[in-house]
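As structure tokens, the structure follows; a few thoughts come after it.
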Amino acid sequence: MKRQFFLCSLFCALASYASAQKVYELNAPKTPMQIVEGKLDMGGTSPTGGSIKVNNYYMSVDGKPVIPVMGEFHFSRYPREQWEEQIVKMKAGGITCIPTYVFWAFHEEYEGKFRWDGNLDLRYFLELCKKHGMDVIIRIGPFDHGEVRQGALPEWLFSKPLEIRSDDPLYLKYVKRLYGEIGKQMKGLYYKDGGPVIGCQIENEMQHSAAPWGINYPGEPFDYTAASWNAAEAAIGVEAGHKVATGAEAGNEHMRTLLKLAKEAGIDTPFYTATGWGNAAVIDNKAIPVTSAYPYPAWEAVPKKSPFLMFKDMHKHPDYEPVRYNPTDFPSFAAEMGAGMQIAYDNRPYCTAKVAEAMMVRCLGSGSNGIGYYMYQGGSTPHRSGQNAFMSDEAMGMPKVSYDYQAPLGEFGLEGDSYRNLRLIHSFLAEWQNQLAPMETVLPEGWEKMTLDNKTDLRYCMREKDGRGFIFMINAQDHDSLPFVKRDIPRRFLPDFSKGPVLDIKEVRVVPEYKASVKF
């Protein structure tokens with residue numbers, strides 16, 4: 001029985017943890033993972049006969065498995081005249097899909113007066129994406145967070161007698177109006193029309209996170225943007241929420257209501273998404289619950305090593321679990337990966353390119369079939385129109401304007417440290433995503449016993465299907481370093497992308513029938 005494996009280390013893979021050769025073994029599963037088609041209520045077709053489908057493990061486009069590479073770009077945080085240049089740079093970096101927020105507070109700063117001009121011209125941004133063959137996932141809120149004042153809920157909403165982020169009829173009245181206006185801007189630009197909009201995110205971190213209202217009395221505790229029965233439970237940032245929120249079913253129902261309102265407004269996309277981490281509310285089988293990982297979170301006062309550089313099976317165990325859904329019912333979409341991080345006045349983490357690169361290799365090896373960066377393109381948060389005030393989340397110590405985020409493409413259009421490192425991974429995916437997407441994660445024996453403080457064991461895994469596979473290795477850890485033993489590297493270990501990453505890695509053999517052994 002012949003098996004073929006490709007070395008897909010991409011980052012410090014050639015670093016050895018010991019000077020002597022050692023055999024590392026991986027047991028290929030006797031029973032292949034079951035891929036279930038047709039269970040999820042997702043999919044769509046284009047006027048030219050193209051199709052998008054989603055099963056429980058991966059997305060397919062025109063019948064071929066794909067791994068979308070998503071890069072967040074907030075159009076309203078960037079000058080309109082430079083949008084096209086940055087979209088082209090993102091495409092050159094290997095990004096295939098742009099998620100973007102529609103910040104309610106920017107577009108309806110004053111009640112009943114919507115703006116879609118200048119840097120707020122959503123339609124023009126989408127038309128540019130279409131021009132350059134870039135897919136779009138539109139994030140329509142109503143609550144967005146995004147380090148915007150009140151999480152982008154408009155200030156005038158604070159004075160209304162309603163429960164925000166709930167099925168309160170008055171709140172839904174304003175949300176319906178918002179969705180209707182967004183729908184008008186996107187008319188004719190959906191995938192079904194031949195447009196770029198392939199997905200839509202409903203809400204954000206529902207019953208997991210909230211932002212403080214910018215309106216409060218000096219010295220008083222913050223009033224958070226959550227329904228009153230969840231306000232005390234709302235997290236400040238992304239974390240593992242071990243408790244299901246009070247009124248959890250009300251949160252689930254609210255998400256279903258928002259989806260219904262979006263469709264009524266004409267926001268009809270092949271798939272929808274919802275932030276699924278930390279017990280956040282999700283939407284049955286109609287939306288993909290996406291994951292995130294932030295190794296340098298500005299909202300944590302004390303820096304600590306993150307688990308996002310340790311391999312695991314993310315299809316079964318997403319980051320920031322427990323979650324409010326069955327992970328194996330959906331593909332693992334790592335949609336908010338913190339390759340960078342926004343600084344705050346009291347916490348200014350420095351994000352390294354080597355950790356960003358290693359984190360993405362870890363995610364792919366661990367079963368992610370969609371990878372996305374928050375942010376990929378930095379920006380600048382605008383002023384409130386005609387006022388000496390700012391739209392940034394000042395209550396949480398955010399800079400008044402800068403939203404550079406240490407992103408692969410910075411606030412002023414310059415390449416960040418991680419841009420070219422990550423482009424190597426994206427180039428690999430452009431060539432091999434069809435083969436990689438259906439492959440399941442295979443972890444070494446005893447992987448669950450490894451700890452963040454373990455500096456001697458090799459961090460590696462495999463994705464395998466039908467006797468073929470990719471081996472993933474990393475040698476990095478945020479807030480720490482791992483040993484790097486110098487050694488002579490035979491030429492055959494080095495990638496030759498003119499032929500594809502099919503490498504003679506010294507020895508790959510089967511011992512016995514269901515065990516793949518890799519020797520370095």
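Just so we're clear, the structure is a prediction, and the values are computed from it rather than from any experiment. The figures here come from the full heavy-atom set of this structure, side chains too, leaving out hydrogens, waters and symmetry mates.
Take Asp135 and apply the side chain to side chain contact (heavy atoms under 4.5 Å, CB included) test, not counting sequence neighbours, and it matches Cys97, Ile198. With sequence neighbours excluded, the residues that form a side chain to side chain contact (heavy atoms under 4.5 Å, CB included) with Pro79 are Glu81, Gln82. In this structure, the side chain to side chain contact (heavy atoms under 4.5 Å, CB included) partners of Asp193, at least two apart in sequence or on a different chain, are Tyr190. The side chain to side chain contact (heavy atoms under 4.5 Å, CB included) test applied to Gln185 returns Trp116, Leu122, Arg123, not counting sequence neighbours.
In this structure, His74 has its ring center no closer than 6.0 Å to that of Tyr405. Taking the six-membered ring for Trp and the full ring otherwise, Phe308 and Tyr320 have centroids separated by under 6.0 Å. Between Tyr174 and Trp104, the ring center distance fails the sub-6.0 Å criterion.
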How far apart are the C-alpha atoms of Glu85 and Lys89, what are their side-chain angles, what is the distance that settles it, and do they pass the salt bridge (charged side-chain N to carboxylate O under 4.0 Å, His left out) test?
CA-CA 6 Å; Glu85 179 182 353; Lys89 288 179 184 176; 3.4 Å; yes

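Residues Glu233 and Thr246 have side chains that bring a donor and an acceptor to within less than 3.5 angstrom of each other.
Heavy-atom contacts from other residues, nucleotides or ligands closer than 6.0 Å to NZ of Lys176 number 12 or fewer. Environment of NZ in Lys53: sparse, with no more than 12 heavy atoms of neighbouring residues, nucleotides or ligands closer than 6.0 Å.
Closest approach of Thr31 to Glu440, counting heavy atoms only: O-OE2, 4.4 Å. Across all non-hydrogen atoms, the minimal contact from Met134 to Ile95 is SD-O, 3.4 Å.
Identified under the side-chain hydrogen bond (donor to acceptor under 3.5 Å, both in side chains) test for residues 274-287, with sequence neighbours left out: Asp41-Lys286, Glu205-Trp277, Arg256-Asp284. Note on residues 264-281: pairs passing salt bridge (Lys or Arg N to Asp or Glu O under 4.0 Å), not counting sequence neighbours, are Lys192-Asp268, Lys260-Glu264.
Of the listed residues (His254, Gln207, Glu203), just one forms a side-chain hydrogen bond (donor to acceptor under 3.5 Å, both in side chains) with Arg165, and that residue is Glu203.
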